[in-house]
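Let me begin by presenting the structure, written as structure tokens, before commenting on it.
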Amino acid sequence: MKKYLMGGAAALLLSTSANAALVDFESSPTGSLAEGTDIGGIIFTSDLGSGLSIRDFGVQSDGQALSAGGDGNGNFIRGSIASSANFLSIDFGNDDPGFSNAGDLATLQLFSGASLLSTVTVVLNRDDIMNQTITYNGSFFDNFSFAYTNAAGDPFTGGGAANTGLIEIIDNVQFGAVPEPATWAFMIFGFGAIGGAMRRQRKANVKVSYA
């Protein structure tokens, strides 16, 4: 019985994860993107009010992706969603070593209205390929920002001889309302405890007879 209960918990986890929305930009027209465009339930803007575009960036994206250009003055991507979520995952690329410094970060900030809830960072591997992901699972948020920053959190990285920062390129944006890791751990522990109790009860009800 415990095995089946644990399997049910795992199936529920997979089902919940599968319900997360995915924005991969594959069906979006290429070229400049108007500020405030809704793609798959996320309204995208740039920090400076211009510079968004969609196209295939080769190894720096997974097919078509979204970029925030003009990063010589620290532009980056913002997104807002109509309904609150507590899970967000973003693939990112264009971490060119010629325009970044060792220790530069991908920085994801989650907000509820104007209130900052959390900041998540991932150190750039600086190989100029989209092969890293940044993920958040916690309190409910309704908007976020994604920027390439230095270790101090400044979105103008200032790397390279031209003294320009990186252009953010993001793809495969997943978001939704899913249980937090602690909740899943409690649920799985609970299912296991119930299964153990049922197994012990079943053993207690077995009658043993001797010839």
Side-chain angles (χ1 to χ4, degrees), residues 8-47 51-69 75-95 105-113 117-125 127-148 166-184 187:
L12 181 60
L13 172 60
L14 291 174
S15 174
T16 304
S17 299
N19 289 333
L22 171 66
V23 179
D24 62 9
F25 306 103
E26 292 304 317
S27 60
S28 301
T30 57
S32 297
L33 182 70
E35 296 285 319
T37 299
D38 187 330
I39 303 178
I42 301 178
I43 298 173
F44 289 99
T45 57
S46 66
D47 187 57
L52 295 179
S53 66
I54 293 176
R55 65 184 179 88
D56 188 332
F57 295 92
V59 297
Q60 298 170 343
S61 64
D62 179 16
Q64 291 186 186
L66 174 68
S67 71
N75 202 13
F76 57 87
I77 296 170
R78 295 188 180 274
S80 62
I81 59 178
S83 57
S84 293
N86 67 342
F87 170 79
L88 180 65
S89 175
I90 300 174
D91 293 346
F92 58 89
N94 190 38
D95 48 348
L105 306 170
T107 299
L108 176 65
Q109 292 191 309
L110 296 305
F111 301 84
S112 177
L117 298 176
S118 182
T119 299
V120 182
T121 60
V122 173
V123 178
L124 302 180
N125 63 19
D127 63 0
D128 209 21
I129 299 172
M130 178 169 282
N131 56 9
Q132 290 184 273
T133 303
I134 192 166
T135 303
Y136 169 81
N137 187 8
S139 300
F140 280 86
F141 65 92
D142 56 26
N143 67 100
F144 64 90
S145 67
F146 177 84
Y148 290 141
L166 293 169
I167 293 174
E168 291 83 357
I169 296 178
I170 65 170
D171 206 349
N172 304 320
V173 182
Q174 297 184 67
F175 67 99
V178 302
E180 297 180 41
T183 302
W184 279 117
M187 289 175 62

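A quick note: this is a predicted structure, and the numbers were derived from the prediction, not measured.
Thr45 and Glu35 are not linked by any side-chain donor-acceptor pair at a separation below 3.5 angstrom, with hydrogens and angles left out of the test. Side-chain contact, Gln64 with Asp24: no donor N or O sits under 3.5 Å from an acceptor N or O.
If you take CZ on Arg55 and CG on Leu33, they are separated by 14.0 Å, rounding to the nearest 0.5 Å. Interatomic distance, Ile43 CD1 to Ser80 OG, rounded to the nearest 0.5 Å: 4.0 Å. Here the OG1-CD distance, from Thr121 to Gln109, works out to 10.0 Å after rounding to the nearest 0.5 Å. Distance CD1/Ile90 to CG/Asn172: 10.5 Å, rounded to 0.5 Å. Between the CD1 atom in Ile169 and the OG atom in Ser61 there is a gap of 6.5 Å [rounded to 0.5 Å]. Taken to the nearest 0.5 Å, the CG atom of Leu110 stands 10.0 Å off from the CG atom of Asp142.
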Assess the residue pair Val173 and Ile39 against the criterion (side-chain contact (heavy atoms from CB on, under 4.5 Å)); give the C-alpha distance rounded to whole Å, side-chain angles, the decisive distance to 0.1 Å, and a yes or no. CA-CA 10 Å; Val173 182; Ile39 303 178; over 6 Å; no

Residues Ile167, Tyr148; criterion side-chain contact (heavy atoms from CB on, under 4.5 Å); working and verdict: CA-CA 8 Å; Ile167 293 174; Tyr148 290 141; over 6 Å; no

With side chain to side chain donor-acceptor pair (under 3.5 Å) as the test, would you mind laying out the steps for Gln60 and Asp128 before giving the verdict? CA-CA 6 Å; Gln60 298 170 343; Asp128 209 21; 2.8 Å; yes

Trace of the side-chain contact (heavy atoms from CB on, under 4.5 Å) decision for Leu117 with Phe140: CA-CA 9 Å; Leu117 298 176; Phe140 280 86; over 6 Å; no

side-chain contact (heavy atoms from CB on, under 4.5 Å) between Asn143 and Phe111: does it pass, once the steps are laid out? CA-CA 5 Å; Asn143 67 100; Phe111 301 84; 3.4 Å; yes

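Put simply, the side chain of Asn94 never gets that close to the backbone of Glu168: no donor and acceptor are under 3.5 Å apart. A distance-only check finds no donor-acceptor pair linking the side chain of Asp127 to the backbone of Asp95 [under 3.5 Å].
In terms of heavy-atom proximity, Tyr136 sits nearest to Val120 at CD1-CG2, 4.0 Å. A pairwise comparison of heavy atoms in Val122 and Gln132 identifies CG1-NE2, 3.5 Å as the closest pair. Shown here for Ile134 and Phe92, the closest heavy-atom pair between the two residues is N-CE2, 3.8 Å. Annotation for Ala65 and Ile170: closest pair CB-O, 3.2 Å, computed over non-hydrogen atoms. Contact detail for Ser145 and Phe76: the closest heavy-atom pair is CB-CE1, 3.8 Å. Of all heavy-atom pairs between Arg78 and Asp47, the closest is NH2-OD1, 3.0 Å.
You'll find the side chain of Asp171 stays beyond 4.5 Å of the side chain of Leu66, heavy atoms only. Looking at Leu88 and Phe141, their side chains come closer than 4.5 Å, going by heavy atoms from C-beta outward.
Between Phe44 and Phe25, the angle of the ring planes lies from 30° to 60°, which puts this pair in the tilted group.
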